[in-house]
Amino acid sequence: MMGQKFYVTTPIYYVNDSPHIGHAYTTIAADVLARYHRACGHQTWFLTGADEHGVKIVKAAAEKGLTPRQLADSVVVHFQEFWKFLNISNDDFIRTSDARHEKRLQAIMERLLQRDQVYQGKYEGWYDEGQEEFVTESAARENQYQSAISGKPLVRYSEPSWFFRLSQWREKLLAYIQAHPEFIRPESRRNEVLSKLADGLEDLSISRSLAKLDNWGVSLPNDPTHCVYVWIDALSNYITALGYPPIGQEGDQGRWDFWPASLQLIGKDILWFHTVYWPCLLMALDVPLPRTIFAHGWWTSEGKKMSKSLGNFVSREVITELCNEYSRDAFRYFVLREVPFGADGDFSRQAFQLRYNVDLANGVGNLLARTVNMIGRYFQAQVPQPDPSAGAQPVQQAAEALIAAAGPAMEQCRFNAYLDKVQDLVNATNKFIDVTEPFKLAKDATQRQRLGGILYACAEAVRLVLSYLEPFMPDKAAEGLSQLGLAGPRRLDQVGRWGLLTPGQALGKAAMLFPRKL
RNA sequence: GGCGGCGUAGCUCAGUUGGCUAGAGCAAGGGAUUCAUAAGCCCUGGGUCACUGGUUCGAUUCCAGUCGCCGCCA
């Protein structure tokens, strides 16, 4: 499959919260995909950002004696710095308070009005301010008129509001989901959406009175007393960041070619917004739908739900500390290796260290070390000649298996399957060394050619291992490859084949890539 | 309460359309080695495949019910 363009998004993160493993997980996954596609030579665009409007921010700011913008400005840097720290290669970072977003969002609202997709009505009912979500009467009663999530009292709203004709899109959306199995994944989430859609769909209130919001929102072009509902505001970022719709300013032509998105990653908590509101909004705008919305799972920590009071919260600070001890690449590797993407997983220091030692220190790192060491010792640190009599077929087969599996695995966000194949190649190569015993052949001058062939195969396997790990572990891959004497940006579609190491090439300096941790 | 999923070796899980002695990784025990980060390699698991019935020549795999866990919805 020669997809030439790849556009991946994360949700824009709400600046009421500071970054934690949940944010990091989605963002690392998106980064790995972006790096992989760039390495394949695809035109790639990777967007993340911050969601800044809403009553929650207004209130939080007031409590701190700040304006909403001051609060947003102070929190958003935590995300931006954290992404830099985790080596996230996003091409853009959009904030819903950016002028470029606000103007385009207003243009979107105008377009919806022109298309008769929005009408004025009256909203009366319960509202969960923590979730920025309306609650039905029956659901409110069920929970004693408190938020099912936060337990805080629901607020009674009664006000004129603008509504989006969501209900009119139900049939089309259902048909679309049924015709496109890859649209919502994993399949269990797709079934949930289909099941809930079967229950019906009501029009959606998409405006709020600006008076309650300290003017912290995007006003409706046709009604300056109201602003756009935060979810419509937030979802629109995926297209406004690409310059849609054009508003006669810079950035208009920039990136729209990247739409429709190849992949929009989300947490399972925001499934409904992204698989119903979002596609219906796009249909109402006559904009094509993204190819795939992928909802991943949640992390627990040390076997329990994360909570600040339990002390098991995997915060930015905790992750930073782990990265400083084990390397940020090890953390990136762990979160995508430990659990199938889509399923829930548990984060524990023990599991992290175990995975680090087994896969990285004892596996990849040790293989690199013994390979570089032997070539250094027996061939003056120069890549030897390949030799068909080396018996390296098992290694080469594992390499071919990795090469064949990588694309499909990435296509389906099966990161752990991809990494399994990498590990298989490591294991096959370690076994190869033990079976062929190059360290014994080195004592016999008549075996020199065969010895070279064996070590060539080892070096070649390590080169491929590191090349394929590069999207996950950019720093470590570069360090490891430099020990093989390789440098510079590497295109997987050019270097991801067996037999490309050049005999005679000088190795670089050896060093422990992943020191074992006790 | 409705819909859906799950319950397989100590742990985490694979097990296509039912059929050779039920598998992998990790952990644990033993062995032969030394190039390497005391890492790597080899050997070792006999588990009522939740329970009970049923269909079948034969079910972990199909059906029904029971118990337990989880997700979405109400």
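Chain letters run A, B, ... following the sequence lines, proteins first and then strands; every chain starts at 1. Quick note: numbers below take in every heavy atom, side chains included, and nothing from hydrogens, waters or symmetry partners.
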- Item | Nucleotide opposite B:rU21 in a Watson-Crick or G-U pair, distances under 3.5 Å | none

- Can you tell me how far P in B:rC69 sits from the matching atom in B:rG45, rounded to whole Å? 34 Å

- Message: Rounding to an integer number of angstrom, what distance separates B:rC63 and B:rU48 when you compare their P atoms?
- Response: 24 Å

- What does A:Phe514 touch in the nucleic acid at a heavy-atom separation under 4.0 angstrom: a base, only the sugar-phosphate, or nothing? base

- Task: Drop me the distance from A:Ile232's CD1 to A:Ser205's OG, to the nearest 0.5 angstrom.
- Result: 9.5 Å

- Under 30°, 30 to 60°, or over 60°: which ring-plane class applies to A:His296 and A:Phe341, parallel, tilted or perpendicular? tilted

- Message: What is the separation between atom CE on A:Met374 and atom C1' on B:rA39, rounded to the nearest whole Å?
- Response: 13 Å

- Task: In whole angstrom, give the distance that lies between atom CD of A:Gln353 and atom P of B:rA27.
- Result: 12 Å

- Message: Can you classify the ring geometry of A:Phe273 versus A:Tyr277 as parallel (below 30°), tilted (30 to 60°) or perpendicular (above 60°)?
- Response: perpendicular

- Taking atom C1' of B:rC41 as reference, at what distance in whole Å does atom CG of A:Asn362 sit? 13 Å

- Message: Does A:Leu271 reach a base, just sugar-phosphate, or nothing at all? Heavy atoms under 4.0 Å.
- Response: nothing

- When rounded to the nearest Å, what value does the distance between P atoms of B:rG4 and B:rU21 take? 35 Å

- Query: Using purine N1 to pyrimidine N3 plus N6-O4 or O6-N4 for Watson-Crick, or N1-O2 and O6-N3 for G-U wobble, each under 3.5 Å, what pairs with B:rU56?
  - Reply: none

- Message: What is the distance, to the nearest angstrom, from the CG atom on A:Asp434 to the C1' atom on B:rA36?
- Response: 10 Å

- Message: Please determine whether a side-chain nitrogen or oxygen atom of A:Lys196 lies at a distance below 4.0 Å from atom OP1 or OP2 of B:rC73.
- Response: yes

- Message: Could you tell me how far B:rA50 sits from B:rG15 if I compare only their P atoms? Round to whole Å.
- Response: 15 Å

- Rounding to the closest angstrom, what is the interatomic distance between B:rG1 and B:rG65 at atom P? 15 Å

- Item | Ring-ring centroid check A:Tyr326 A:Phe352, cutoff 6.0 Å | yes

- Query: Does a sphere of radius 6.0 Å around CD in A:Gln449 hold more than 12 heavy atoms from other residues, nucleotides or ligands, not counting ones at 6.0 Å or beyond?
  - Reply: no

- Task: Using whole Å, report how far CZ of A:Phe341 lies from C1' of B:rC13.
- Result: 19 Å

- Query: With a 4.0 Å cut-off on heavy atoms, is A:Asn430 in touch with a base, just the backbone sugar-phosphate, or nothing at all?
  - Reply: sugar-phosphate

- Task: Identify the nucleotide, in any strand shown, that forms a Watson-Crick or G-U wobble pair with B:rG46, with both distances under 3.5 Å; if there is none, say none.
- Result: none

- Message: If you assign each of A:Met512 and A:Glu437 to its closest nucleotide in RNA chain B, which residue comes earlier from the 5' end?
- Response: A:Glu437

- Item | Length of the line joining A:Asn357:CG and B:rA39:C1', which is rounded to integer Å | 10 Å

- In the strands shown, is B:rG7 matched to any nucleotide by a Watson-Crick or G-U wobble pair with both distances under 3.5 Å, and which? B:rC67

- Below 6.0 angstrom between ring centroids: does that apply to A:Phe472 and A:Tyr418? yes

- For atom CD of A:Glu192 and atom P of B:rG5, their distance in whole Å: 12 Å

- Query: When you match A:Arg189 and A:Asn373 each to their closest nucleotide on RNA chain B, which lands nearer the 5' end?
  - Reply: A:Asn373

- Item | Counterpart base for B:rG1, defined by Watson-Crick or G-U wobble contacts under 3.5 Å | B:rC73

- Task: Check the distance between B:rC13's P and A:Leu419's CG and give it to me in whole angstrom.
- Result: 18 Å

- Message: Taking 4.0 Å as the cut-off, does a side-chain nitrogen or oxygen of A:Arg377 come that near to OP1 or OP2 on B:rA36?
- Response: yes

